[in-house]
Amino acid sequence: MDPPTISKGFAPPGETLFVALDFGTTFSGIFLSIAYAFSTDTEKIYTITNWPGAEDRIVPKTPTVIEYEIDSKTSFKWGYEVAPLADRKITNLKLLLDPDQPRPYFIPRDVEAELAKIPKAPVDAISDYMGAIFKHALAEIKSTSLDPSFIDSFKKRFVLTVPAAAKRAGIFPVEMITEPEATALMTLLTVQNRGLKENDAIIICDAGGGTVDLVAYEIESVSPLKLRALSAPSGGLCGSVMVNKMFEQEVQKVVKDGPYTKLKKTRAYQSALTEFDRHTKPGFRGPSDPDQFVSFPMAGLKNNRAAGLVSNSMTLPGAAMARIFDPIASEVDKLVSDQIIRVKFEKIKAGKTEEIKAVFLVGGFGASAYLKTVIEKSNPGILVIQPKEAWSAIMKGAVVSAMCSAPVITSTRAPKHYGTDGLWAWDDARDAGQEKHWDTWDEIWRCDVMTWSIHKDDELIREKKRKMAFCATWPGGTFPKSSALSVSATLWESSAKVAPIHPSEATVNCELKTDLIGVPVKLFKKKYRASDSAPYWQLSYNLQIENNQSGLMKFSLEVGGKEYGSVEAAY
């Protein structure tokens, strides 16, 4: 949709410009897309399609690539301005914030080599990139107005996935939303008045480049549109780039191992991969399709007529394309089937008879006609719908989430167990083999034991706080010094079927360290040890886990009904 040309003037008081930034994975790496809308016309959501260095091409996204000039920490090129073969380019910036996260096969794994190219901290490099993106996006939006100052008069709200970098880059205030929720909001908004009924169950399958993510919702209310989660999010590394991997294996079989090793290092090979990714793959509908051809220009390959390789051109019959697609399409189909089983189970538990209304396929791979056919064949009687412009559902949904008219998601489901640890009185049966800790003040042995506030697949109602009671102690007869008034806590998680008893079997999600200087002195209790009347101070507090309106999890500390520190948890 083309953006409007806005006349000269000033925005009415209180009007807002909503801007969303979305990271997506393709075969060429991680790209960033931007969508925006005005509160004066929330029905229309626009995307940025003009990017520096794109050679006047209309493209919906730009690479997350930056290249600093030699011996400079401030001058740099970004996005399409960076040459594809530049030695100093820093790629896939989002992943550098979390080097330990799982990544698809096509993303470089030599993190140390990538970090060595950055003349500053990764978060600062990402801030530089985000700042450039922000500046360009606003310039593009202003170009739609006869008076650029008109855009300046709008309040601005940003929704994205890297808040620390965004704040440093001057993008503030910033909000976040999970990708499945952004997808759900946009998808359901487009079909809100097309037959949805209360208690209908729907599954959203966001099949992108690197990953496929699924979530199921039930319609609580049609007007206004309210949704509740029926299952925890699920997914896997079976996005469309894995189809490219299968294509590469097909090439290797046709070309043979020795020549293939040499071919992979050539521009001809990269050209063929691009041709397959952009043109051949998206148009595949099924085994009865006519032959397709992929070229390896000037590669000097030996003809293999029996396998369809002639004059550096490889024939791909419909049957061969199906062979390339089927392993990946089958994995997506299994994920969809698993969600369908979960939804049916939840419906039976609740005594409801409504069937699953539809599976919505969104994302770049979600637009595949062949993938739709595979899922329809496995699930007769369930509609499989590919919404218009499904590739942009996430970033447009992020824009929608910031608007007052957005559909409301009232709850989600926990994908893991979440809780924190504390020192409990030692139990020989429960704690055998664990480390003992002597409690100086209560004069008993204790063990580090988990308190699980949230269990896997629990329904998490928005803004409902789950509290866990703890206490901290400070020695001495005089009130503790300010420098000593702090409390540390760990939020743990576990994917195990049964939540473990001890933290040694769990995984750290995030750490919270809180300054308690502002806590009223009256809330600290002075106590005395039973054996010798030695004085000490004790403070009772709650650790809280909250699923907020954006679908993100917050871990916080509360004393006397007031929050004294929080951290956003990984979810």
Side-chain angles (χ1 to χ4, degrees), residues 1-2 18 20 22 24-26 33-37 42-47 49 60-61 159 177-197 200-209 211-219 222-227 229-230 233 235 239-240 281-285 329 332-333 335-336 339-340 343 356-376 378-379 381-403 405-409 551:
M1 182 185 294
D2 293 328
F18 304 100
D22 170 56
T25 305
T26 74
S33 306
I34 294 181
Y36 65 95
T42 57
E43 296 294 315
K44 297 177 182 177
I45 301 176
Y46 309 97
T47 56
T49 57
K61 56 189 71 176
V159 186
I177 185 171
T178 64
E179 290 186 356
E181 293 208 2
T183 305
L185 291 178
M186 189 62 204
T187 301
L188 291 174
L189 198 61
T190 61
V191 297
Q192 184 174 6
N193 300 315
R194 299 182 189 176
L196 282 181
K197 302 190 301 295
D200 278 349
I202 56 98
I203 292 171
I204 301 209
C205 175
D206 179 12
T211 62
V212 174
D213 300 294
L214 299 95
V215 67
Y217 291 100
E218 182 179 73
I219 308 300
V222 175
S223 184
L225 185 55
K226 292 184 178 182
L227 321 168
L230 284 174
S240 67
K281 180 176 69 175
F284 178 61
R285 304 186 69 85
V332 179
D333 188 36
L335 290 170
V336 172
Q339 280 285 348
I340 289 173
V343 169
I356 297 169
K357 187 81 169 184
V359 173
F360 290 93
L361 286 178
V362 299
F365 193 25
S368 166
Y370 187 65
L371 180 62
K372 181 175 185 285
T373 300
V374 169
I375 294 173
E376 284 177 329
S378 294
N379 302 284
I382 297 178
L383 289 171
V384 180
I385 299 172
Q386 292 170 311
K388 187 178 179 181
E389 294 188 342
W391 64 270
S392 61
I394 293 178
M395 64 175 174
K396 288 186 176 180
V399 172
V400 168
S401 73
M403 299 178 180
S405 58
V408 175
I409 295 179

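Note that the numbering runs from 1 along the sequence shown for the chain.
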Closest contact, heavy atoms only, A402 versus F18: O-CE2, 3.3 Å
Interatomic distance, L189 atom CG to K396 atom NZ [nearest 0.5 angstrom]: 11.5 Å
Gap between atom CD1 of I203 and atom CG of L230 - 0.5 Å precision: 9.0 Å
Closest contact, heavy atoms only, I204 versus A184: CD1-CA, 3.2 Å
Separation of Q339 CD from I202 CD1 (nearest 0.5 Å): 10.5 Å
Contact check, side chains of V399 and V159, non-hydrogen atoms, under 4.5 Å: no
Audit row: V332, C205, side-chain contact (heavy atoms from CB on, under 4.5 Å) steps and yes/no: CA-CA 9 Å; V332 179; C205 175; 4.0 Å; yes
Crowding at NZ, K226 (>12 non-hydrogen neighbours, <6.0 Å): no
Min side-chain heavy-atom separation V359-L383 under 4.5 Å: no
Side-chain heavy-atom pair S401, I177 within 4.5 angstrom cut-off: yes
Spacing of CG belonging to D333 relative to CD belonging to E376, to within rounding of 0.5 Å: 11.0 Å
Validation row: T47, I34 side chains within 4.5 angstrom (heavy atoms): no
Contact summary for M395 and S33, nearest pair of heavy atoms: SD-CB, 3.1 Å
Heavy-atom closest contact (A182 atom, I394 atom, distance): CB-O, 3.4 Å
Closest contact, heavy atoms only, R285 versus T373: O-OG1, 4.5 Å
Separation between CG of L214 and CZ of F360, rounded to the nearest 0.5 Å: 13.5 Å
Side-chain donor/acceptor of Q386 to backbone N/O of S368, under 3.5 Å: yes
Side chain proximity check, I340 to I382, heavy atoms < 4.5 angstrom: yes
Within-4.5 Å side-chain heavy-atom neighbours: L335 and V212: yes
Residue list, salt bridge (Lys or Arg N to Asp or Glu O under 4.0 Å) with K357, at least two apart or on another chain: D200
From CA spacing to verdict: side-chain contact (heavy atoms from CB on, under 4.5 Å), V408, L225: CA-CA 6 Å; V408 175; L225 185 55; over 6 Å; no
Heavy-atom check, side chain of L361 versus side chain of V384, under 4.5 Å: yes
Euclidean distance, D206 CG relative to T211 OG1, rounded to 0.5 Å: 7.0 Å
4.5 Å side-chain heavy-atom contact, K281 and S240: yes
Least distance between heavy atoms, F284 atom then A369 atom: O-CB, 4.2 Å
